[in-house]
Visitor: 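Submitted below is the structure of interest, expressed as structure tokens.
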Amino acid sequence: PQTSELKEVVLKTAEVKEVKIEEETPEYKINVSYPEFRNLGDSSREEAANRVLKAKVDQSITALKDASREAAEFSPKVKSEIQIDYEVVNVNPWVASIKLRESTYVEGAAHPLGIFWPFNYNFKDNKEIALADLFKPGSNYLEVLSGVTKKDLKNQLKEYYTEGALEFGTAPVSENFSTLFLAKDRLVIIFNVYSVAAYAAGSQTVEVPYDALSEIINPEGVIKLIRE
């Protein structure tokens with residue numbers, strides 16, 4: 001595996017192990033799988049990343065439990081449910097990018113709600129990676145991403161395209177591009193259901209090669225860690 005000298009500590013590509021949470025009561029059912037990093041070569045960084053990710057998973061589970069208690073008062077015979085699984089998009093000694101898929105159903109809803117959410121972590125700096133970390137300070141990266149994704153999604157959506165929904169969902173604000181994943185050679189942005197179109201359209205994915213963003217990418221920032 002790759003290694004990197006870092007403040008007298010040798011980091012190596014972490015092993016990604018599956019952690020499962022299964023629980024069932026008369027009110028709800030939980031079926032969750034999420035990753036845990038092991039053997040990174042620095043226990044403090046490893047534990048910090050695992051702690052942050054577990055807190056996010058726990059937050060989703062707690063929200064489902066709270067909602068299920070309220071729903072059970074109206075329809076005690078139907079269980080609320082949450083399922084989470086994951087895909088490793090990229091992992092090396094410096095960064096990890098994980099795609100988590102979450103599906104929840106709370107009694108009374110018209111249908112289950114499925115969303116994707118990211119876990120992007122910088123082991124070197126021991127913190128989550130924000131969208132702005134990828135780009136040159138002061139660059140117009142939000143406007144660039146807005147233009148690129150709007151053009152791509154208009155072609156993808158076809159009969160589900162409506163100008164108002166697409167304009168709103170791709171407006172140059174960071175929240176619209178927060179469900180992003182850091183592949184080795186490209187930025188992958190997911191627009192969850194309802195973000196840019198009706199529920200029937202489902203989620204949409206736009207992939208943007210880093211090379212296409214060369215004017216605004218910070219070559220000495222996180223991108224350098226992603227590509228090494």
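Sequence positions, counted from 1, serve as the residue numbers for this chain.
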Visitor: Answer yes if the side chains of N50 and E46 hold a donor-acceptor pair under 3.5 Å, and no otherwise.
Guide: no
Visitor: Verify the cluster assignment for L166 and I190: are they in a single hydrophobic cluster under the rule of side-chain heavy atoms below 4.5 Å apart?
Guide: no
Visitor: Just checking, any donor-acceptor pair under 3.5 angstrom between side chains of S203 and N192?
Guide: no
Visitor: Going from CD1 on I129 to CZ on F119, what distance comes out if it is rounded to the nearest 0.5 angstrom?
Guide: 9.0 Å
Visitor: Checking side chain to side chain contact (heavy atoms under 4.5 Å, CB included) between V206 and each of K151, Q156, R186, which is the one that passes?
Guide: Q156
Visitor: Please determine whether the number of non-hydrogen atoms from other residues, nucleotides or ligands lying under 6.0 Å from atom CZ of F168 exceeds 12.
Guide: no
Visitor: Can you measure from CG (D185) to CG (D211) and round to the nearest 0.5 angstrom?
Guide: 8.0 Å
Visitor: Can you establish whether the number of heavy atoms outside K150 located under 6.0 Å from its atom NZ is more than 12?
Guide: yes
Visitor: With a 3.5 Å distance limit and no angle check, can you tell me whether Y199 reaches the backbone of L113 through a side-chain donor-acceptor pair?
Guide: no
Visitor: Identify the two heavy atoms, one from Y141 and one from A132, that lie closest to each other, and give their separation to 0.1 Å.
Guide: OH-CB, 3.4 Å
Visitor: Is a side-chain donor or acceptor of T25 paired with a backbone partner of E27 at a separation under 3.5 angstrom?
Guide: yes
Visitor: I need the minimum non-hydrogen distance between K136 and I217, along with the two atoms involved.
Guide: CE-O, 3.3 Å
Visitor: What pair of heavy atoms forms the shortest contact from L100 to P118, and how long is it?
Guide: CD1-C, 4.4 Å
Visitor: When you look at N140 and I216, which way does the side chain to side chain contact (heavy atoms under 4.5 Å, CB included) test go after all the steps?
Guide: CA-CA 7 Å; N140 63 335; I216 56 174; 3.7 Å; yes
Visitor: What is the distance from atom CG of N90 to atom CZ of R227, rounded to the nearest 0.5 Å?
Guide: 12.0 Å
Visitor: So with a 6.0 Å cut-off around CD of E215, is the heavy-atom count from everything else above 12?
Guide: no
Visitor: Measure across L145 and L187 and return the closest heavy-atom pair with its distance rounded to 0.1 Å.
Guide: CD2-CD2, 4.2 Å
Visitor: Could you measure the distance from the CD atom of E81 to the CG atom of N31? Nearest 0.5 Å is fine.
Guide: 7.5 Å
Visitor: Looking at G221, is its backbone amide N or carbonyl O close enough to the side chain of D133 to form a donor-acceptor pair, meaning the two atoms are under 3.5 Å apart?
Guide: no
Visitor: Could you walk me through whether V222 and N120 satisfy the side chain to side chain contact (heavy atoms under 4.5 Å, CB included) test, starting with their C-alpha distance in whole Å, then the side-chain angles of each, then the deciding distance to 0.1 Å, before giving a yes or no?
Guide: CA-CA 11 Å; V222 175; N120 298 311; over 6 Å; no
Visitor: I'd like to know whether NZ of K17 has more than 12 heavy-atom contacts from other residues, nucleotides or ligands below 6.0 angstrom.
Guide: no
Visitor: I need the minimum non-hydrogen distance between A183 and I226, along with the two atoms involved.
Guide: O-CG2, 3.4 Å
Visitor: Decide whether I189 and Y161 are clustered together by the hydrophobic rule: side chain heavy atoms of Ile, Leu, Val, Met, Phe, Trp, Tyr closer than 4.5 Å, transitively.
Guide: yes
Visitor: Kindly indicate, with the supporting measurements, whether the criterion salt bridge (charged side-chain N to carboxylate O under 4.0 Å, His left out) is fulfilled by E36 and K54.
Guide: CA-CA 8 Å; E36 183 176 83; K54 184 177 185 300; over 6 Å; no
Visitor: Quick one: are T13 and V91 in side-chain contact, heavy atoms under 4.5 Å?
Guide: yes
Visitor: Answer yes if the ring centres of F37 and Y121 are under 6.0 angstrom apart, and no otherwise.
Guide: no
Visitor: Does D125 reach the main-chain N or O of K127 with its side chain, forming a donor-acceptor pair under 3.5 Å?
Guide: no
Visitor: Quick one: closest heavy-atom pair of S97 and L182, and the distance?
Guide: OG-N, 2.9 Å
Visitor: Is a side-chain donor-acceptor pair under 3.5 Å present for E18 with Y86?
Guide: no
Visitor: Distance from F181 atom CZ to I98 atom CD1, nearest 0.5 Å?
Guide: 10.0 Å
Visitor: If we ignore angles and hydrogens, is there a donor and acceptor under 3.5 Å between the side chains of D85 and Y34?
Guide: no
Visitor: Give the intermediate values and the outcome of side-chain hydrogen bond (donor to acceptor under 3.5 Å, both in side chains) for residues E23 and Y28.
Guide: CA-CA 8 Å; E23 183 180 349; Y28 59 77; 2.7 Å; yes
Visitor: Under a 4.5 Å side-chain heavy-atom rule over Ile, Leu, Val, Met, Phe, Trp and Tyr, are V16 and F123 clustered together?
Guide: yes
Visitor: Working to the nearest 0.5 angstrom, can you tell me the gap between I30 CD1 and K65 NZ?
Guide: 4.5 Å
Visitor: Would you check, one step at a time, whether the test salt bridge (charged side-chain N to carboxylate O under 4.0 Å, His left out) holds for E220 with K224?
Guide: CA-CA 6 Å; E220 297 303 316; K224 185 175 182 180; 3.2 Å; yes
Visitor: Do you reckon L142 sits in the same ILVMFWY cluster as V144, going by side-chain contacts under 4.5 Å, direct or chained?
Guide: yes
Visitor: I'd like to check T179 versus I115 (side-chain heavy atoms, cut-off strictly below 4.5 Å). Are they in contact?
Guide: no
Visitor: Is E87 salt-bridged to K99, cutoff N-O under 4.0 Å?
Guide: yes
Visitor: Is it true that, when you exclude Q59 itself, more than 12 heavy atoms of the residues, nucleotides or ligands shown sit nearer than 6.0 Å to its CD?
Guide: no
Visitor: Following the transitive rule for hydrophobic clusters with a side-chain heavy-atom cut-off under 4.5 Å over Ile, Leu, Val, Met, Phe, Trp and Tyr, establish whether V208 and V188 coincide in one cluster.
Guide: no
Visitor: When you compare the side chain of P35 with that of V88, does any pair of heavy atoms fall below 4.5 Å?
Guide: no
